[in-house]
Novice: 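Mind looking over this structure? Questions follow.
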Amino acid sequence: MMGDGMWALEVGPTVCFLVALQWGVLLLLVWNGKRGVGMLPALGCAAVLASAMCLGLRHDSVARPLFFTSRLLLVLLNGFILFRWFQEAFPPSAAVARLLLFVPWVVGLFFVALQVVYGLLVEPAYLLPLLRRRYLRPTQPLPPRHAPPFPRVTVHIPCHAEPPGVVLATLDAVSRLRYPDFDVIVVDNNTEDPALWRPVEAHCARLGPRFRFVHVESLPGAKGGALNLALRLTPKETRVVALLDADYVCEPDFLERLVGFFDDPAIDYVQTPHDYRGWQGRRFLRGCYWEERTGNVLQLPALSEWGITTLIGTTCLIRRDALEAVGGWSETCLTEDSELALRLEARGGQGLFLARTFGRGLLPETFLALKKQRFRWVAGPIQQLRMHWRGLLPDRSPRMAARHRWARFFQGLEFVSTWVMDLLGLVALLGTLLLAVGRQSIPLPEGLLPLLATNLVTQGVLAWLRGRLLGCSLREVFAVTAISSALGHTRRQAVAAAFFSRRPLLWLRTDKFQATSVGWRAALATTRGELVTGLVMLGLGVLMLSGTDLSRPDLFLLGGAACLAEAWALLCAPYFALTANAELRKGVKARPPALSPGRPAVAAPATAAACRTAAESSPAASPPP
């Protein structure tokens, strides 16, 4: 065992260096946000560590390799400090508690090691405008196409028990498309009430021969089944399929600004962001809106710039030949869109994700509806990982680019590892409680608190920078964090269901009917699990903090803070459930009544690079505004 002096000599200067390095990177990012991105002189020591990455990432600002190396060193130093702590800090009488803490830490370290390089490379995606000096792939649409060729486009609109007014608004927007050669197929599947689909059928007839309406009963496969039927009904001359959800009002230039990308034979699909209307005036919907926009405006376009793109199911265009070559849409995966992207990549296809909005839909109006939507979005990637993991192995799918292979693997692994880490956290909590019962105080290792505090400040600054890039206020940034935290319990449930459910998971659609207040008790009941668990964690956190000596930070301080943080995340769920319900009770109109009527009483429940070099890239290859 080394003495205290040796411990301070080894850890103290290293902690100071890494804390200073992290602050230097944050200041560089803030500077870039104000002045523009460029190769700037930065911290000398960190520049040496990041020099190899600077050479490899020649199109990026020095901020990205500095960010990567500083975060990686923080992870490594944390691991070193905790390993020494487990060796030296626990007396023999605390052997059981030490084991309950050590095993989760080792397993957690394994998951961190699996993801650390890929995760730290992808983590700055939310900050790409501050990191990228030169864009190589398109981020904006092409100029409108006014001269031939005009490839035939068929717009597919799947419907199931939708409010007629919502679907009619979508069809009216499609009828205003300026593209000269398109038709529309509306597939209404399994809607039992004729009062819902008959008005849509009549409206398609009024809009003319371009619009074809199909109503079908007992069609399996949910949305994927409806889209496969639409594909079978698509005219032979169609070259590109466009997809719109039933509530998405598209822009008139939706097709004419995007079809030109398919002149490049390497492009199989073009995806544009989810965007929404009718969210102004309600705190709950405003928070949901900005939480959604964080991924759609920042992360997904950035990943596309790095060659990692996915489909998200609406306001997108897909090459018809590629869609048929992979067998159409999945009828079992809850995220049939991203699963299709995986199969297109396996045959060598490639996509683009643009930053420009071309359509706006409707947000879930209650927290329960939001939970159902996010359950589907988390369970689906786990399903597709289970379905296709063999194809992601290095000796399989030889036409699939390595970056696509890693992205799909880690997309599923991210959810799984978070779920496993939560379970391990419960084991570690048990070990901490054993120490509390035995009144054994274990001092925290020297240097750990400064690193944790630096990480906390880092996350706060990064959240603020994301808000600046999005154009939202600090209050809205906090709402984004709170809503994401409130959905943590739902994400855990989705991972468990995707892995362990013996029955096929139901496709839980997002209800587009205007919601009504259900009373505070009923609203609270939709978050019963989060409420009970949150109160338990709150009690445990207070209990641990009451037993710690603040003059000598110990494990109870760290455990109590962790319990309170988890309690806050869990209790955000009932808060948002009550907030959404209260706003509905007050009669705040989130959308125009004509677009969101209440539910009728009778209603039934490719690996060639798309842009090979900067010189060959599309005219739209420019940084987002």
Side-chain angles (χ1 to χ4, degrees), residues 111 114-115 118-119 122-123 125-126 222-224 245 271 273-274 287-288 291-296 298-300 303 308-314 329-342 361 363-364 366-389 392 407-425 480-511 526-527 529-530 533 566 569-570 572-573 576-577:
F111 278 99
L114 278 179
Q115 298 186 85
Y118 178 83
V122 171
E123 185 181 3
Y126 292 102
K223 183 179 178 181
D245 281 352
Q271 177 68 63
H274 283 174
C288 292
E291 193 263 347
E292 273 270 319
R293 296 295 283 166
T294 301
N296 280 273
L298 299 181
Q299 184 193 36
L300 294 177
L303 294 179
I308 304 170
T309 315
T310 192
L311 281 164
I312 55 174
T314 188
W329 300 86
S330 170
E331 299 185 7
T332 57
C333 184
L334 297 185
T335 49
E336 74 293 324
D337 37 29
S338 64
E339 192 274 343
L340 172 63
L342 189 154
L363 284 164
T366 66
F367 190 70
L368 177 60
L370 181 65
K371 288 173 62 175
K372 290 180 179 179
Q373 181 191 70
R374 299 310 173 85
F375 182 97
R376 189 172 72 244
W377 290 1
V378 172
I382 304 298
Q383 287 181 309
Q384 67 191 40
L385 182 62
R386 293 185 63 185
M387 294 164 61
H388 300 293
W389 68 269
L392 299 178
R408 297 301 174 183
F409 175 75
F410 282 104
Q411 182 186 21
L413 181 63
E414 179 183 3
F415 292 123
V416 175
S417 62
T418 301
W419 183 78
V420 172
M421 294 291 282
D422 288 335
L423 290 181
L424 296 174
V480 167
T481 304
I483 286 180
S484 179
S485 301
L487 293 167
H489 184 69
T490 299
R491 287 191 288 266
R492 288 189 286 268
Q493 289 179 315
V495 173
F499 264 108
F500 302 116
S501 177
R502 296 183 179 179
R503 298 180 180 180
L505 299 180
L506 297 177
W507 206 94
L508 302 174
R509 60 181 291 274
T510 304
D511 196 342
T526 63
T527 60
E530 293 95 326
T533 310
E566 182 63 22
L570 289 164
C572 281
F576 283 117

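Computed from a predicted model, the values in this text were never measured in an experiment.
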Novice: Write down the atom of Ile483, the atom of Gly287, and the distance for their closest heavy-atom approach.
Specialist: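 Here Ile483 and Gly287 meet closest at CD1-C, 3.3 Å.
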Novice: Main chain of Ile312, side chain of Gln271: is a donor-acceptor contact present, judged purely on distance under 3.5 Å?
Specialist: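 Looks like yes, one N/O pair under 3.5 Å.
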Novice: Compare all side-chain heavy atoms of Glu339 with those of His388 and state whether any distance is below 4.5 angstrom.
Specialist: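 Result yes, sub-4.5 Å side-chain heavy-atom pair found.
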Novice: Do Arg492 and Val378 touch side chain to side chain, with heavy atoms closer than 4.5 Å?
Specialist: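 Sidechains of Val378 and Arg492: no contact.
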Novice: How many angstroms lie between CZ in Phe576 and CG in Leu487, if you round to the nearest 0.5 Å?
Specialist: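 Phe576 CZ to Leu487 CG: 9.0 Å, rounded to 0.5 Å.
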Novice: Side chains of Leu334 and Gln383: does their closest heavy-atom pair fall under 4.5 Å?
Specialist: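 In short, these two side chains touch, coming nearer than 4.5 Å.
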Novice: Regarding Glu530 and Lys371, does a basic nitrogen lie under 4.0 Å from an acidic carboxylate oxygen?
Specialist: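 Yes.
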Novice: With a 4.5 Å limit on heavy-atom distance, are the side chains of Leu570 and His489 in contact?
Specialist: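 Touching, per the 4.5 Å side-chain cut-off.
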Novice: Testing the basics here: between Phe367 and Ala573, what is the closest heavy-atom pair and its distance to 0.1 Å?
Specialist: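 What the structure gives for the nearest pair is CE2-CB, 3.7 Å.
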Novice: Within the 4.5 Å heavy-atom criterion, are Pro273 and Leu300 side-chain neighbours or not?
Specialist: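 No. Closest side-chain heavy atoms not under 4.5 Å.
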Novice: When you measure from the side chain of Asn296 to the backbone of His274, do you find a donor-acceptor pair of N or O atoms at a distance under 3.5 Å?
Specialist: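 A pair under 3.5 Å: yes.
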Novice: Would you check if the side chain of Arg386 reaches a backbone N or O of Ala498 as a donor-acceptor pair within less than 3.5 Å?
Specialist: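 Yes; judged by distance alone, with no hydrogens or angles, the pair exists.
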Novice: To the closest 0.5 Å, what do you measure between CZ (Arg374) and OG (Ser484)?
Specialist: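 Going from the CZ atom of Arg374 to the OG atom of Ser484 covers 8.0 Å.
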Novice: Counting N and O atoms only, with roles assigned by atom type, does the side chain of Ser485 sit under 3.5 Å from a partner on the main chain of Thr481, one being a donor and the other an acceptor?
Specialist: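 Flag set: sc Ser485 to bb Thr481 pair under 3.5 Å.
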Novice: How close do Ala125 and Leu303 get, counting heavy atoms only, and between which atoms?
Specialist: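 So the minimum-distance heavy-atom pair works out to CB-CD2, 4.1 Å.
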Novice: Enter the distance from Gln493:CD to Phe375:CZ here, rounded to the nearest 0.5 Å.
Specialist: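 So the gap between those two atoms works out to 7.0 Å.
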Novice: Sub-3.5 Å donor-acceptor pair from the side chain of Thr335 to the main-chain atoms of Asp337, do we have one?
Specialist: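 No: the side chain of Thr335 does not pair with the backbone of Asp337.
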Novice: Measure the CD-CG distance between Glu292 and Leu363 for me, rounded to the nearest 0.5 Å.
Specialist: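 Interatomic distance, Glu292 CD to Leu363 CG, rounded to 0.5 Å: 6.5 Å.
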Novice: Dump the intermediate steps for side chain to side chain donor-acceptor pair (under 3.5 Å) on Gln384 and Ser338, then the final yes or no.
Specialist: CA-CA 8 Å; Gln384 67 191 40; Ser338 64; 2.9 Å; yes
